[in-house]
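As structure tokens, the structure follows; a few thoughts come after it.
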Amino acid sequence: QVQLVESGGGFVQAGGSLRLSCAASGSIFRINCMAWYRQSPGKQRELFASITSGGSTNYADSVKGRFTISRDNGKNTVYLRMNSLKPGDTAVYYCYADKIFTAEGVWSDLWGQGTQVTVSS
């Protein structure tokens with residue numbers, strides 16, 4: 001009964017910016033690690049940004065310096081700010097939470113529905 005709902009995808013020209021949001025629903029006490037993955041046609045889903053409950057972040061080299069992951073624990077939301085977008089960033093973007101602690105129990109390996117980001121040249 002907990003879900004992750006993404007928003008903010010769309011079309012943008014190379015060099016532009018987008019901000020994605022992913023909000024978790026439910027009576028949530030704590031969310032452990034949250035992350036962003038992306039998947040392009042014919043490629044495996046790629047982990048490129050993660051953030052711990054304490055706010056420590058990690059980035060793949062492909063996005064380091066351009067993308068910023070952040071979270072608002074009070075809103076149970078993770079964000080992704082994408083700057084200097086490139087055509088190679090075109091993909092379906094998925095948010096992820098490894099463990100969500102709720103009044104009903106612990107939910108593991110939760111995924112958002114995915115949102116399309118298309119960067120044109």
Side-chain angles (χ1 to χ4, degrees):
Q1 294 181 333
V2 64
Q3 63 181 166
L4 304 179
V5 180
E6 301 179 31
S7 62
F11 294 86
V12 65
Q13 291 191 104
S17 299
L18 285 173
R19 187 195 189 201
L20 307 183
S21 299
C22 174
S25 65
S27 299
I28 297 170
F29 298 134
R30 188 174 68 86
I31 304 175
N32 194 37
C33 183
M34 303 189 78
W36 288 97
Y37 290 71
R38 63 187 183 182
Q39 188 168 24
S40 300
K43 300 179 66 176
Q44 289 188 324
R45 191 168 296 188
E46 172 196 18
L47 169 65
F48 64 87
S50 64
I51 184 167
T52 69
S53 60
S56 297
T57 59
N58 280 285
Y59 299 95
D61 289 341
S62 59
V63 307
K64 191 173 298 182
R66 300 188 297 121
F67 291 9
T68 302
I69 187 172
S70 61
R71 64 191 290 168
D72 185 333
N73 290 333
K75 296 182 178 180
N76 296 315
T77 299
V78 63
Y79 304 95
L80 181 71
R81 181 67 184 181
M82 302 182 290
N83 295 325
S84 301
L85 282 161
K86 306 173 181 179
D89 296 320
T90 295
V92 178
Y93 284 68
Y94 299 90
C95 65
Y96 167 84
D98 67 345
K99 292 185 183 298
I100 301 179
F101 299 85
T102 73
E104 294 77 26
V106 182
W107 298 75
S108 298
D109 297 327
L110 273 291
W111 293 90
Q113 81 279 12
T115 185
Q116 177 71 45
V117 172
T118 301
V119 185
S120 63
S121 60

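Below, all heavy atoms of this structure are taken into account, side chains as well, without hydrogens, waters or symmetry copies.
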Checklist entry - Say you draw a straight line from CG of Asn58 to OG1 of Thr52; how long is it, rounded to the nearest 0.5 Å? => result 8.5 Å

Checklist entry - Could you state the interatomic distance from CH2 (Trp36) to CD1 (Ile51), rounded to the nearest 0.5 Å? => result 12.0 Å

Item to check | Among Thr68, Val119, Leu18, the one residue meeting side chain to side chain contact (heavy atoms under 4.5 Å, CB included) with Met82 | outcome: Leu18

Item to check | Separation between NZ of Lys99 and CZ of Arg30, rounded to the nearest 0.5 Å | outcome: 9.5 Å

Checklist entry - Does one hydrophobic cluster hold both Val117 and Val78, with members joined at side-chain heavy-atom distances below 4.5 Å? => result yes

Checklist entry - With side chains defined as the heavy atoms from C-beta onward, is the minimum distance between Lys75 and Ser21 less than 4.5 Å? => result no

Next on the checklist: Show the nearest heavy-atom pair for residues Thr77 and Ala23, with the distance to one decimal.
Outcome noted: OG1-CB, 3.6 Å

Checklist entry - Roughly how far apart are Ser7 OG and Leu20 CG, rounded to 0.5 Å? => result 8.0 Å

Checklist entry - For the atom pair OG1 (Thr57) and CZ (Arg71), what is the distance rounded to the nearest 0.5 Å? => result 11.5 Å

Item to check | Leu85-Tyr79 co-clustered via ILVMFWY side chain contacts under 4.5 Å | outcome: no

Item to check | same_hphob_cluster(Leu80, Leu47) at 4.5 Å side-chain heavy-atom cutoff | outcome: no

Checklist entry - With hydrophobic residues grouped by side-chain heavy-atom distances under 4.5 Å, do Trp107 and Ile28 end up in a single group? => result yes

Checklist entry - Between Tyr93 and Phe67, how do the two ring planes meet: parallel, tilted or perpendicular, split at 30° and 60°? => result tilted

Checklist entry - If you look at every heavy atom in Arg81 and Ser17, which pair is closest and at what distance? => result NH2-CB, 3.5 Å

Item to check | More than 12 heavy atoms of other groups within 6.0 Å of Glu104 CD | outcome: yes

Checklist entry - Hey, what do you get for CZ (Arg45) to CZ (Arg38), rounding to the nearest 0.5 Å? => result 13.5 Å

Item to check | Trace of the side chain to side chain contact (heavy atoms under 4.5 Å, CB included) decision for Ile100 with Leu4 | outcome: CA-CA 11 Å; Ile100 301 179; Leu4 304 179; 4.1 Å; yes

Checklist entry - Can you check whether Met34 reaches Cys95 side chain to side chain, under 4.5 Å on heavy atoms? => result no

Item to check | Salt bridge present between Lys86 and Asp89 (N-O < 4.0 angstrom) | outcome: no

Checklist entry - Got a donor-acceptor contact below 3.5 angstrom from the Tyr59 side chain to the Arg66 backbone? => result no

Next on the checklist: Treating Glu6 as the side-chain partner and Gly114 as the backbone partner, does any N or O pair qualify as donor plus acceptor under 3.5 Å?
Outcome noted: yes

Next on the checklist: Is the ring pair Tyr96/Trp111 parallel, tilted or perpendicular, if the boundaries are 30 and 60 degrees?
Outcome noted: tilted

Next on the checklist: Is there a path of hydrophobic side-chain contacts, each under 4.5 Å between heavy atoms, that joins Val12 and Val63?
Outcome noted: yes

Checklist entry - Donor-acceptor pair, Asn32 side chain versus Asp98 backbone, under 3.5 Å? => result no

Next on the checklist: With heavy-atom distances below 4.5 Å as the criterion, would you say the side chains of Asn73 and Ile31 are in contact?
Outcome noted: no

Checklist entry - Would Thr90 and Gln116 satisfy side chain to side chain contact (heavy atoms under 4.5 Å, CB included), going step by step from the backbone distance to the final call? => result CA-CA 8 Å; Thr90 295; Gln116 177 71 45; 3.9 Å; yes

